[in-house]
Amino acid sequence: MDVGKRLRQVRESKNISIYRLSKDSDVSESHIRNLERGTKNATVETLEMLVGSMNMTMAEFFNIDDNIAYLTQDEKILLKYYRTLPKSTSKAIIEFCEKLYNS
């Protein structure tokens, strides 16, 4: 995978300018441009800063399957809370959601 091309693809799909990405990630605009052009390679730390500032995980960034939908921030929060619930409570929430969906 060409990380620079992927970075540009994700950035543009999210309508994020290089300027905004630079401000949000604390990575210089020139470094981002060099990464996207392929003249520089990103360290894991730099890539984590860039990807995180676009509200993505590294797994989402490296997943190039178009059939996969990325979680919104609200969905991530719900999932975080759901994973901490006891099994009986999580089942009750699923049943509640199914009733809401089917009504």
Side-chain angles (χ1 to χ4, degrees):
M1 169 187 282
D2 184 324
V3 173
K5 281 184 181 179
R6 177 69 175 151
L7 178 61
R8 177 179 287 142
Q9 174 192 28
V10 170
R11 180 181 61 75
E12 289 177 348
S13 74
K14 292 179 171 278
N15 295 316
I16 299 172
S17 67
I18 290 177
Y19 173 80
R20 174 58 28 213
L21 183 57
S22 173
K23 294 300 178 195
D24 291 347
S25 66
D26 286 331
V27 177
S28 73
E29 290 180 62
S30 62
H31 192 59
I32 294 169
R33 282 189 186 88
N34 287 331
L35 293 173
E36 288 186 355
R37 286 185 197 122
T39 58
K40 296 279 184 183
N41 292 319
T43 64
V44 172
E45 293 81 14
T46 299
L47 197 54
E48 284 177 337
M49 290 173 13
L50 292 167
V51 169
S53 68
M54 292 188 290
N55 293 319
M56 295 178 76
T57 65
M58 293 287 272
E60 289 171 326
F61 180 79
F62 284 105
N63 180 5
I64 56 173
D65 184 353
D66 289 335
N67 295 325
I68 302 297
Y70 301 122
L71 296 177
T72 65
Q73 192 61 32
D74 287 344
E75 290 168 331
K76 289 177 185 178
I77 292 168
L78 285 171
L79 186 57
K80 173 186 156 192
Y81 289 133
Y82 176 83
R83 288 180 174 165
T84 64
L85 297 172
K87 191 168 189 153
S88 60
T89 305
S90 63
K91 283 187 176 191
I93 289 176
I94 290 171
E95 290 172 10
F96 175 73
C97 290
E98 287 172 343
K99 286 180 183 178
L100 281 176
Y101 180 78
N102 292 321
S103 62

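All values below come from the heavy atoms of this structure, side chains included, with hydrogens, waters and symmetry mates left out. Worth saying up front: this structure is predicted, and the values here are computed from it rather than measured.
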- request: Determine yes or no for a side-chain-to-main-chain donor-acceptor pair under 3.5 angstrom, with Ser53 supplying the side chain and Met49 the backbone.
  value: yes

- line: When rounded to the nearest 0.5 Å, the distance separating OG of Ser88 from CD1 of Ile93 is 10.0 Å

message: Tell me if a side-chain donor or acceptor on Thr39 pairs with a main-chain N or O of Asn34 at a distance below 3.5 Å.
response: yes

- request: Specify the closest pair of heavy atoms between Phe61 and Arg6, including all atoms of both residues, with the distance to one decimal.
  value: O-NE, 2.6 Å

message: Are Met1 and Met58 linked, directly or through intermediate hydrophobic residues, by side-chain heavy-atom contacts shorter than 4.5 Å (ILVMFWY only)?
response: yes

query: Within a strict 4.5 Å, meaning less than it, do heavy atoms of the Leu21 and Leu50 side chains meet?
result: yes

query: Side-chain contact, heavy-atom cut-off 4.5 Å: Asn15 with Arg20?
result: no

task: Working to the nearest 0.5 Å, report the span between CD of Gln9 and OG of Ser13.
output: 6.5 Å

- prompt: Among the clusters formed by ILVMFWY side chains lying less than 4.5 Å apart, do Ile94 and Tyr81 turn up in the same one?
  reply: no

- request: Please report the shortest heavy-atom distance between Leu35 and Lys40, naming the atom on each side.
  value: CD2-O, 3.6 Å

query: Closest heavy-atom contact between Met54 and Arg11?
result: SD-CA, 3.9 Å

statement: When rounded to the nearest 0.5 Å, the distance separating CG of Leu7 from CD1 of Ile16 is 9.5 Å

Check ion pair Lys91-Glu95 (N to O, under 4.0 angstrom): no

query: Could you walk me through whether Leu47 and Phe62 pass the side-chain contact (heavy atoms from CB on, under 4.5 Å) check?
result: CA-CA 11 Å; Leu47 197 54; Phe62 284 105; 3.6 Å; yes

query: Between the side chain of Lys76 and the main-chain N/O of Asn55, is any donor-acceptor distance below 3.5 Å?
result: yes

statement: Closest non-hydrogen contact found for Val10 with Met56 is CG1-SD, 3.2 Å

task: Would you check if Val44 and Glu48 make a side-chain contact, meaning some heavy-atom pair closer than 4.5 Å?
output: yes

message: If I compare all heavy atoms of Ser25 with all of Ile32, which pair ends up nearest, and what's the gap?
response: OG-CD1, 4.4 Å

query: Side chain of Arg33, backbone of Ser28: donor and acceptor closer than 3.5 Å?
result: no

query: If every non-hydrogen atom of Val27 is compared with every non-hydrogen atom of His31, which pair is closest and at what distance?
result: CG1-CD2, 3.6 Å

task: Give, for atom CD1 of Ile18 and atom CD of Glu29, the distance between the pair rounded to the nearest 0.5 Å.
output: 7.5 Å

field: N/O donor-acceptor pair under 3.5 Å between Asn63 side chain and Ala59 backbone
entry: no

